[in-house]
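In this text, all values refer to a predicted model and were calculated from it rather than measured experimentally. The figures here come from the full heavy-atom set of this structure, side chains too, leaving out hydrogens, waters and symmetry mates.
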Amino acid sequence: MKKTILFTLSLMSVFCLGQKSVKEKMNLKSIVDHAAQKMVEKPLINAVSIGIVYQGQQYIGHYGELEKGKSNLPNNETIYEIGSLGKTLTGTLVAKAVLDKKLKLEDPVQKYLSEDYPNLVFNGHPVLIKDLVTHTSGLPKMLPLEANAVLNDFTNEKASENTNNILKNYKQKDFLRDLHTVKLDAVPGHQFSYSNAGIELLSAVLEKVYHKNFEVLLKEYFADNLQMKHTKINLSKKEEAHLAVGYHCDYNAIAPELMSSLWGSSGNVKTTLPDMMEYIKYQLKILLK
């Protein structure tokens, strides 16, 4: 979440270029190098890692410096918090659960919750699993609700610190308690409204149907099937040394790392660029079937 929400200057971009969009004889490395160097010369971007998959080939490049003035170039071992890209990994696990016949997209989410949530129904229409996946559930952007006010004042220099103060003692049981207070104002499934809370709730559902911790599910599936062995939510002390720092907006001081909270599925996934290259190849394989 840190790298996306805080608009930090250490970014990871993964691009897939269609065959018709690039001339066959283009010098891909030269074009990418030129564009990336121009990018890191801008005041708000001082480091970037770029991965491209094109016609079965891949290119990886690292540019700039992770910390201003230190000339510490990112590399293949640099770990990035990928923010909301992590939601697509959660979606992939939901798709796997459907194929494993653990759940159905048309199921009410209530079916997989231990407590009764009559508030997750509007005019007889319950929130369905597919509503959570498509951000049409009507759930708020964040739980606890006070975190939304921080996001609304996103460019404030203290935004990350204020967010951490709200989340530091907020646990899964608190989330499930606060879920009782949510009030839907429309029939689920019809109105798009981006919701981190909805993705976190999907994590609880996945834990319920597999009887496993969400991070265990994440690491097992992506390591075993995609060889993404550096994709996880919680890092070891050794791995933390490779985590890219972030600068909030145009402030010069390094922002505090946003702490992992709840299940971590909505914005706390961390990975490397080589792992993300495996992920984009996996998605392309599915797309081109």
Side-chain angles (χ1 to χ4, degrees), residues 1-2 4-6 81 83-84 86-87 90-91 93-94 103 107-154 156 158-215 217-218 233-234 256-269:
M1 193 160 82
K2 176 181 66 174
T4 297
I5 287 184
L6 298 185
E81 187 176 275
S84 288
K87 293 180 173 67
T90 305
L93 293 177
V94 172
L103 54 78
D107 285 341
V109 66
Q110 176 67 73
K111 180 177 179 179
Y112 304 99
L113 301 178
S114 299
E115 301 174 39
D116 188 26
Y117 289 89
N119 58 313
L120 298 184
V121 178
F122 186 87
N123 288 350
H125 297 273
V127 174
L128 308 180
I129 296 296
K130 68 177 183 181
D131 301 331
L132 298 175
V133 175
T134 57
H135 294 280
T136 58
S137 65
L139 268 63
K141 179 176 288 187
M142 295 279 288
L143 284 176
L145 292 175
E146 54 262 40
N148 293 287
V150 176
L151 291 179
N152 290 337
D153 191 21
F154 178 66
N156 188 303
K158 298 290 186 180
S160 54
E161 180 182 337
N162 293 339
T163 300
N164 280 342
N165 287 336
I166 291 171
L167 297 180
K168 63 183 177 181
N169 294 316
Y170 195 74
K171 307 300 182 185
Q172 295 174 9
K173 62 180 179 60
D174 301 312
F175 175 93
L176 294 172
R177 177 201 65 214
D178 289 349
L179 189 62
H180 286 289
T181 69
V182 169
K183 295 181 180 179
L184 304 181
D185 58 9
V187 173
H190 295 278
Q191 183 175 330
F192 178 85
S193 182
Y194 197 81
S195 176
N196 289 329
I199 302 300
E200 294 290 344
L201 187 55
L202 277 174
S203 309
V205 170
L206 289 168
E207 287 192 346
K208 183 84 170 180
V209 300
Y210 281 107
H211 306 288
K212 284 186 178 182
N213 173 272
F214 175 76
E215 184 173 14
L217 292 171
L218 179 84
I233 294 169
N234 296 295
E257 180 186 349
L258 263 180
M259 63 181 61
S260 296
S261 64
L262 305 176
W263 292 266
S265 59
S266 66
N268 292 117
V269 176

Distance check, rounded to the nearest 0.5 Å: [X] atom [atom1] versus [Y] atom [atom2]?
X: Ser266; Y: Ile199; atom1: OG; atom2: CD1; value: 7.5 Å
X: Ser265; Y: Glu215; atom1: OG; atom2: CD; value: 11.5 Å
X: Asn162; Y: Leu167; atom1: CG; atom2: CG; value: 11.0 Å
X: His211; Y: Leu217; atom1: NE2; atom2: CG; value: 11.0 Å
X: Asp131; Y: Gln191; atom1: CG; atom2: CD; value: 12.0 Å
X: Asp107; Y: Leu128; atom1: CG; atom2: CG; value: 8.0 Å

Contact summary for [X] and [Y], nearest pair of heavy atoms:
X: Pro140; Y: Ala197; result: O-CB, 3.4 Å
X: Val127; Y: Pro188; result: CG2-CG, 3.9 Å
X: Pro126; Y: Gly124; result: CD-O, 3.4 Å
X: Tyr170; Y: Leu143; result: CE2-O, 3.5 Å
X: His180; Y: Asn119; result: O-ND2, 3.1 Å
X: Phe122; Y: Asp185; result: CE1-C, 3.5 Å

Using the side chain to side chain donor-acceptor pair (under 3.5 Å) rule, collect all pairs that involve residues 135-147, keeping only residues at least two apart or in two chains.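 Qualifying pairs, neighbours excluded: Thr134-Thr136.
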Are the side chains of [X] and [Y] in touch, meaning some heavy atoms are under 4.5 Å apart?
X: Glu207; Y: Asn213; result: yes
X: Ile129; Y: Leu202; result: yes
X: Val205; Y: Val109; result: yes
X: Leu206; Y: Trp263; result: no
X: Gln172; Y: Ser203; result: no
X: Lys87; Y: Tyr194; result: yes
X: Tyr117; Y: Leu176; result: yes

So, the side chain of Asn148 versus the backbone of Met142: is there a donor-acceptor pair under 3.5 Å, distance only?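 Here the side-chain-to-backbone pair exists.
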Go through Leu179 and Leu139 one step at a time and tell me if the side-chain contact (heavy atoms from CB on, under 4.5 Å) criterion holds. CA-CA 9 Å; Leu179 189 62; Leu139 268 63; 4.0 Å; yes
Evaluate the salt bridge (charged side-chain N to carboxylate O under 4.0 Å, His left out) criterion for residues Lys171 and Asp174: first the C-alpha distance (whole Å), next the side-chain angles of each, then the deciding distance (0.1 Å), finally the verdict. CA-CA 5 Å; Lys171 307 300 182 185; Asp174 301 312; over 6 Å; no
Trace of the side-chain contact (heavy atoms from CB on, under 4.5 Å) decision for Gln110 with Asp116: CA-CA 7 Å; Gln110 176 67 73; Asp116 188 26; 3.5 Å; yes
side-chain contact (heavy atoms from CB on, under 4.5 Å) between Leu113 and Leu120, worked out: CA-CA 11 Å; Leu113 301 178; Leu120 298 184; 4.1 Å; yes
